[in-house]
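Each remark here refers to the structure printed beneath this line.
No hydrogens, no waters, no symmetry mates; every other heavy atom, side chains included, goes into these values. Everything numeric here is computed off the predicted structure, so don't read it as measured data.
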Amino acid sequence: SSGIVFLAEKWKTFFMEHYVTRHVNKRFPRLEVVYNACEMTPCIPFENKEKIIIMAVYFCENKAPDLLLKAWSKLKTEYPDWHIWLLGNGNVSYYKSMADEMNISDSVSFTGYLTGKERELFFRKASIYCMCSYMEGFPMVVLESWMYGLNVVTTPVGGLPDVIEDGKNCLVFDFGDSDSLADKLRMLIDDVELRKSMADYSRMFVEKRFSPETINNSIDSLYKSLMNS
């Protein structure tokens, strides 16, 4: 091949460390990073956002929805007008039982697997998106959340360290740390101005870095340089 394309700098670095440096006499193709594009939608006014926190995942240990439930068990009584919506399938019954045991099920709802307009509705009206994963490639759902004007609270998972700016387009917490997650959620819930500034910055950021036009230009430049090499 003439080139290898990676979804994030992290995976390019991983390839170089584990393959290129082990084969010093071998000629490797060109290594490039091209991010996924995010389809743009009309901007959603901040005033239309509701007191909703969402997570959209396949429910399993890696996605760690239990961290959000544990964090919310520390916050529920402080914020009775906020609600958690968990979108997706997988081991839903296990996490439903966990919510029951924590006595938070009256403020936590499970929708099952949603697509299209049903899924979009939650992204349009929610204020905060929570990502608790231990392993990801480059999670598109974070880009989608920025595009819909959500505040993102996330672990530094997969290729996200390439693009996240703690305090500007997200709040970051450590893997497996529900206490830190609770602190970040409290920070956003308490500070309306922070939520608005992060939502505005995140929308601008995703439009600039991940619009189809921007990514298509990157791909076009890559193809042209390969053809001319």
Side-chain angles (χ1 to χ4, degrees), residues 1-43 55-58 60-64 87-90 113-116 119-120 123 129-150 152-175 198 200-229:
S1 62
S2 298
I4 300 176
V5 178
F6 302 89
L7 282 176
E9 288 290 344
K10 173 179 180 177
W11 305 123
K12 177 182 174 181
T13 300
F14 181 89
F15 181 84
M16 293 176 67
E17 290 176 349
H18 291 271
Y19 295 93
V20 176
T21 57
R22 293 184 181 183
H23 302 276
V24 292
N25 296 321
K26 182 177 178 180
R27 182 183 178 275
F28 275 87
R30 179 171 174 170
L31 309 180
E32 293 286 343
V33 174
V34 177
Y35 296 108
N36 282 328
C38 183
E39 183 179 357
M40 297 292 105
T41 65
C43 187
M55 172 187 282
V57 296
Y58 180 84
C60 62
E61 187 174 347
N62 175 55
K63 303 295 185 180
L87 290 57
N89 54 9
Y113 182 67
L114 300 179
T115 60
R119 181 178 184 273
E120 181 183 352
F123 278 80
Y129 186 88
C130 186
M131 164 76 73
C132 297
S133 299
Y134 292 100
M135 295 179 63
E136 296 282 350
F138 190 91
M140 283 296 297
V141 70
V142 170
L143 304 187
E144 291 179 279
S145 297
W146 287 340
M147 187 262 297
Y148 281 109
L150 277 80
V152 172
V153 182
T154 183
T155 53
V157 66
L160 286 184
D162 282 8
V163 298
I164 52 177
E165 299 177 22
D166 194 14
K168 288 188 174 182
N169 60 16
C170 70
L171 295 180
V172 181
F173 68 99
D174 291 333
F175 297 102
M198 280 183 57
D200 290 344
Y201 182 85
S202 299
R203 171 75 189 198
M204 177 189 67
F205 184 84
V206 78
E207 285 179 342
K208 182 178 180 180
R209 293 283 300 272
F210 300 100
S211 69
E213 181 180 8
T214 298
I215 302 306
N216 286 344
N217 287 338
S218 296
I219 296 171
D220 184 61
S221 296
L222 174 61
Y223 286 167
K224 285 179 179 177
S225 64
L226 290 173
M227 292 169 64
N228 294 328
S229 61

Minimal heavy-atom distance between Cys170 and Ile164, with the atoms involved, is SG-CB, 3.5 Å
Pro29 and Gly3 have their tightest heavy-atom pair at CB-N, 3.7 Å
Residue set satisfying ring pair (Phe, Tyr, Trp, His ring centres under 6.0 Å) with Tyr58, at least two apart, ordered chain then number -> none
Closest heavy-atom pair, Phe205 versus Glu165, reported as atoms and distance to 0.1 Å, is CE1-OE2, 3.4 Å
Around atom CZ of Phe175, are there more than 12 heavy atoms from other residues, nucleotides or ligands closer than 6.0 Å?
yes
> If only atom types and distance count, is the side chain of Asp166 paired as donor or acceptor with the main-chain N or O of Val172 below 3.5 Å?
Replying inline: yes
Sorted by chain and residue number, the ring pair (Phe, Tyr, Trp, His ring centres under 6.0 Å) partners of Tyr35 (sequence neighbours excluded) come out as Phe138, Phe210
For Pro212 and Cys38, the nearest pair of non-hydrogen atoms, with its separation, is CD-O, 3.3 Å
| Side chain Thr155, main chain Ser133, donor-acceptor under 3.5 Å | yes
Asn62 side chain vs Met135 backbone, donor-acceptor pair below 3.5 Å:
yes
Original post:
Judged by atom type as modelled, is there a donor-acceptor pair below 3.5 Å linking the side chain of Trp11 to the main-chain atoms of Gly137?
Top reply: yes
So CG of Leu171 and CZ of Phe173: to nearest 0.5 Å the spacing works out to 10.5 Å
Looking only at heavy atoms, the pair that brings Thr214 and Arg209 closest together is CG2-O, 3.7 Å
Has the side chain of Ser225 got a donor or acceptor atom that lies under 3.5 Å from a matching backbone atom of Leu222?
-> yes
Residues 136-145 vs salt bridge (charged side-chain N to carboxylate O under 4.0 Å, His left out), sequence neighbours excluded, gives Lys63-Glu136, Arg119-Glu144
Value for CG (Leu150) from OG (Ser202), rounded to nearest 0.5 Å, stands at 9.0 Å
Tell me whether Asn169 contacts the main-chain N or O of Val163 through its side chain, where contact means a donor paired with an acceptor under 3.5 Å. yes
Check: Asn216 main-chain N/O paired with Asp220 side-chain donor or acceptor under 3.5 Å: no
What one should report as the nearest heavy-atom pair of Met147 and Met40 is CG-CE, 4.1 Å
Separation between CG (Leu31) and CD (Glu9), nearest 0.5 Å, reads 10.5 Å
